[in-house]
Chemist: 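What follows is a structure written as structure tokens; I'll ask about it next.
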Amino acid sequence: LWPWLLASSGLSALVQLVSLPFFPDSPSYLLIQKGNEEACRKAIRKLWGEGDHQAEIDDIMKEKGAMASTKTLRVLEVVKERSLRWQLYILMTVITTLQLCGINAIYFYSFEVFHTAKFEEYLIPYVSLGVGLCECLSSILCSTLIDRFGRKVLLWGGYTLMSSVLALLTMTLSLQHRFFWMHYFSVILIFLFVVFYGMGP
């Protein structure tokens, strides 16, 4: 089953490969990058139908003017620019915490935890698939929560809950040989960690 599941991702790539040549180019790309206003109008009519689309073209022209007045910085210039220092620190912090949050370790060791929890060998791949499905569903849920709570609350909340779950998971894995039910608690914690990861970071 796993080879088929892995191969199924190629199906969407094949659909894109076949269908993308029939899609029109982006109007903003045609006007800003290519400077072809006629092709831009044709693409707009193809996307939005016939009618007066001058307002949209004016917006694209404003965007082109704003881009022309903005200086493109090289990497070293971005690092040296004082006005961008805080944005750079925030970006580096978010990316670093995302890499070191423990999600890769959870995915790597989940098979072993499921095996220790006495799951049948043939069931473990399906439980692992359930973990991935949890992340997918929680990411969809996050898109509805982000408008209500904001990115900062979801980041702080997600990392706080993930840290708590990792602390509990460390404890349950240490005590799993003393109490038989600790195995199942570890499995629940893995699912919770993945849900909090999908909703937060």
Chemist: For residues Arg85 and Arg82, determine if any side-chain heavy atom of one lies less than 4.5 Å from a side-chain heavy atom of the other.
Modeler: yes
Chemist: Could you state the interatomic distance from NZ (Lys64) to CE (Met61), rounded to the nearest 0.5 Å?
Modeler: 5.5 Å
Chemist: Roughly how far apart are Met162 CE and Thr97 OG1, rounded to 0.5 Å?
Modeler: 8.5 Å
Chemist: How close do Val131 and Ile190 get, counting heavy atoms only, and between which atoms?
Modeler: CG2-CG2, 4.3 Å
Chemist: Can we say Glu37 and Arg41 salt-bridge, meaning some charged N sits less than 4.0 Å from an Asp/Glu carboxylate O?
Modeler: yes
Chemist: So which heavy atom on Ile146 is nearest to which on Ser143, and how close?
Modeler: CG2-O, 3.5 Å
Chemist: Would you say that Val127 contacts Phe191 through its side chain, given a criterion of any heavy-atom pair below 4.5 Å between the two side chains?
Modeler: yes
Chemist: Show your reasoning for whether side chain to side chain contact (heavy atoms under 4.5 Å, CB included) applies to Leu173 and Gln176.
Modeler: CA-CA 5 Å; Leu173 290 175; Gln176 65 184 353; 3.8 Å; yes
Chemist: Considering all heavy atoms of both residues, which atom of Cys40 and which atom of Pro27 are nearest to each other, and what is their separation?
Modeler: SG-O, 3.4 Å
Chemist: Output the distance between atom CD (Glu63) and atom CD1 (Ile32), rounded to the nearest 0.5 Å.
Modeler: 4.0 Å
Chemist: Same cluster or not: are Met171 and Phe196 linked, directly or through other Ile, Leu, Val, Met, Phe, Trp or Tyr residues, by side-chain heavy atoms under 4.5 angstrom apart?
Modeler: yes
Chemist: Please report the interatomic distance CZ(Phe111) to CD(Glu121), rounded to the nearest 0.5 Å.
Modeler: 5.0 Å
Chemist: Let me confirm one number: the CG-NZ distance from Asn36 to Lys42, rounded to the nearest 0.5 Å.
Modeler: 8.5 Å
Chemist: Identify whether Tyr126 and Leu137 are in the same connected component of the hydrophobic contact network (ILVMFWY, side-chain heavy atoms under 4.5 Å).
Modeler: no
Chemist: Is there a side-chain contact between Leu166 and Ile106, using heavy atoms and a 4.5 Å cut-off?
Modeler: yes
Chemist: Please report the shortest heavy-atom distance between Phe22 and Lys46, naming the atom on each side.
Modeler: O-NZ, 3.9 Å
Chemist: Would you say Ile140 ends up clustered with Val195 if hydrophobic residues are merged whenever their side chains have heavy atoms under 4.5 Å apart, either directly or through other cluster members?
Modeler: no
Chemist: In terms of ring plane angle, is the pair Trp181 and Phe185 parallel, tilted or perpendicular, where the classes change at 30° and 60°?
Modeler: tilted
Chemist: List, one per line, each side-chain donor-acceptor pair under 3.5 Å for residues 7-14, sequence neighbours excluded.
Modeler:
{"from": "Ser8", "atom 1": "OG", "to": "Leu5", "atom 2": "O", "distance (Å)": "2.5"}
{"from": "Ser9", "atom 1": "OG", "to": "Leu6", "atom 2": "O", "distance (Å)": "2.8"}
{"from": "Ser12", "atom 1": "OG", "to": "Ser9", "atom 2": "O", "distance (Å)": "3.0"}

Chemist: Heavy-atom distance under 4.5 Å between the side chains of Leu169 and Tyr109, does that happen here?
Modeler: no
Chemist: Is the ring pair His183/His177 parallel, tilted or perpendicular, if the boundaries are 30 and 60 degrees?
Modeler: perpendicular
Chemist: Determine whether Ile44 and Phe23 fall in the same hydrophobic cluster, where Ile, Leu, Val, Met, Phe, Trp and Tyr are linked whenever their side-chain heavy atoms lie under 4.5 Å apart.
Modeler: no
Chemist: Going through the distances and angles, do Tyr107 and Glu135 end up as a side chain to side chain contact (heavy atoms under 4.5 Å, CB included)?
Modeler: CA-CA 11 Å; Tyr107 276 123; Glu135 184 178 352; 2.3 Å; yes
Chemist: Fit a plane to each ring of Phe193 and Tyr197, take the angle between them on a 0 to 90° scale, and name the class: parallel (under 30°), tilted (30 to 60°) or perpendicular (over 60°).
Modeler: parallel
Chemist: Which distance, rounded to the nearest 0.5 Å, do you find between the NZ of Lys80 and the CZ of Arg74?
Modeler: 9.5 Å
Chemist: For Arg151, which residues count as a salt bridge (charged side-chain N to carboxylate O under 4.0 Å, His left out) partner, sequence neighbours excluded?
Modeler: none
Chemist: Determine whether more than 12 heavy atoms belonging to other residues, nucleotides or ligands lie under 6.0 Å from atom CD of Glu81.
Modeler: yes
Chemist: If hydrophobic clusters are built by linking Ile, Leu, Val, Met, Phe, Trp and Tyr wherever their side-chain heavy atoms come under 4.5 Å apart, do Ile124 and Leu133 end up in the same one?
Modeler: no
Chemist: Partners of Ser138 by side chain to side chain donor-acceptor pair (under 3.5 Å), sequence neighbours excluded?
Modeler: none
